[in-house]
Amino acid sequence: MEKKKNVFWIGMTSLFSDISSEMIFSLLPLFLSAIGISRAMIGLIEGIAESTASILKVVSGWVSDKLQARKGLVVVGYSISAIVKPLIALANTWYQVVAVRFADRVGKGLRNPPRDALIADSVQENERGRAFGFQQGMDTTGAVIGTLLASFLLYILGRYTNLSIVFQYRTIFWLSLIPSIFTVLIVSFMVKDVKAKEFVKSETPTNWKNLDSGFRSFLLVSAIFQFSNFSYALFILRANNMGVIAALIPIIYLVYNIIYSSLSQPLGVLADKIGKRNILFLGFALSSIMSFGFAVLNHPIYAWLLFAIYGVVSAVTNMTPRAMVADYISSELRGTAYGIYYMVIGLIALPTSAIAGLLWDRFGAEIPFLYGALIAGISAALVLLLIPRRPKLTKKI
């Protein structure tokens, strides 16, 4: 029971962290456009932010395995992000934005693999979908609250102050420091390490020299899908391009996050019951349909519908793979496994977002989304062709 409380408190940590993050990120694409940064550069910035700390994720996961202790790295990671995120308010150029986003992702790189390993170590195998779904749901609930706060504050500042729109954005970014403080307090004092002697040892510990072919296939398919999974910033810009006015952009992002947060745990429970592989296939297939819709539809009403579908897709594709990693890898190497997974998808984030932004600038808004639809469709087919129905831990040699 004590270990299961970790899932709750990690969820609360994610809640406050994402309140802070979405007070910034729901407005960031508009802020970047307002200070004169092109769509291609926006895509590049987001790609750099997600990929440059990828190697660090492997290191942090490996260290947590060696120490058989996760919490310290999780605390340090959340603390770094809490300090640096509001500094985006000082940015005036693209390279200043890159510097802040890089530092924020360093914090994420330090915390995510040991955090996910700690969640997996705190529950039984048949509860992992539920546990990761709960954490992801709390994370996204924080995004809902943060987006609402951003929209409300933007309205108040616009109505009752004479600040320019850029300085309204900057003010909201500074206010995001408040929920970040709660994040650090909760993870520091409420989350507990799962001690080494409490780790659930597999009867057949993973040996990296003889990885299960299913795990290798899982990584390959996940990598291919990431080429279609470009930054949320481009989806927001596409909604604006489809006719959703700037004042409603935080609200359409709110719709996305409400659906994302409300479905994460139910879909996690469903994955535990009918198989994570089946849920992953549905998520990839739905992503292909969604991207095709963004490519061919142009009325604002369709943007709202597509962002709702985007919420379902994110609930699946951000929860299910994380639960699947733990099914393949025994606890003594689980932190490293999560680091490898995050490294693979993180490194691909750089070319993915940059390519999508470049395609948009060169050929128009439809082309990057058609590209995304094709890659996501191929990924869905590969889930059925390459990933086994029942993951198994690698036998020791």
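Computed over heavy atoms, backbone and side chain alike; hydrogens, waters and symmetry mates excluded.
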Step by step, work out the salt bridge (Lys or Arg N to Asp or Glu O under 4.0 Å) result for D327 and R128.
CA-CA 9 Å; D327 290 348; R128 286 179 189 144; 2.9 Å; yes
Could you report the tightest heavy-atom contact between [X] and [Y], atom names first, then the distance?
X    : Y    : answer
V7   : A131 : CG1-O, 4.0 Å
L280 : M324 : CD2-SD, 3.9 Å
S261 : V144 : OG-CG2, 4.0 Å
F284 : V221 : CE2-CG1, 3.8 Å
P114 : R70  : O-CB, 3.6 Å

Any side-chain to backbone donor/acceptor pair from [X] onto [Y]? Under 3.5 Å, distance only.
X    : Y    : answer
S291 : S288 : no
K71  : S188 : yes
Y338 : N112 : no
D65  : T336 : yes
D104 : K85  : no
R170 : A91  : yes

If the condition is ring-ring contact (aromatic ring centres under 6.0 Å, His included), which residues does Y310 pass it with, not counting sequence neighbours?
F235, Y256, F307
State the [atom1]-[atom2] distance between [X] and [Y], to the nearest 0.5 angstrom.
X    : Y    : atom1 : atom2 : result
N229 : Q226 : CG    : CD    : 4.5 Å
I145 : I258 : CD1   : CD1   : 10.5 Å
Q136 : L263 : CD    : CG    : 12.0 Å
Q135 : Q265 : CD    : CD    : 11.0 Å
L28  : E22  : CG    : CD    : 10.0 Å
M242 : L297 : CE    : CG    : 5.5 Å

Which residues pass the side-chain contact (heavy atoms from CB on, under 4.5 Å) test with Y155, sequence neighbours left out?
R159
So, applying side-chain contact (heavy atoms from CB on, under 4.5 Å) with I259, which one of L254, T140, V312 is it?
V312
Flag if over 12 foreign heavy atoms under 6.0 Å of CD1, I156:
yes
Between F215 and Y341, ring centroids under 6.0 Å:
no
For side-chain hydrogen bond (donor to acceptor under 3.5 Å, both in side chains), just list the numbers for S20 and S180, CA-CA rounded to whole Å, side-chain angles, deciding distance to a tenth of an Å, and then say yes or no.
CA-CA 6 Å; S20 173; S180 285; 2.7 Å; yes
Give a yes/no verdict on a cation-pi contact between R216 and Y328, requiring under 6.0 Å between NZ or CZ and the six-membered ring centre and an angle within 45° of the axis.
no
S81 pairs by side-chain hydrogen bond (donor to acceptor under 3.5 Å, both in side chains) with which of R105, R111, K108?
R111
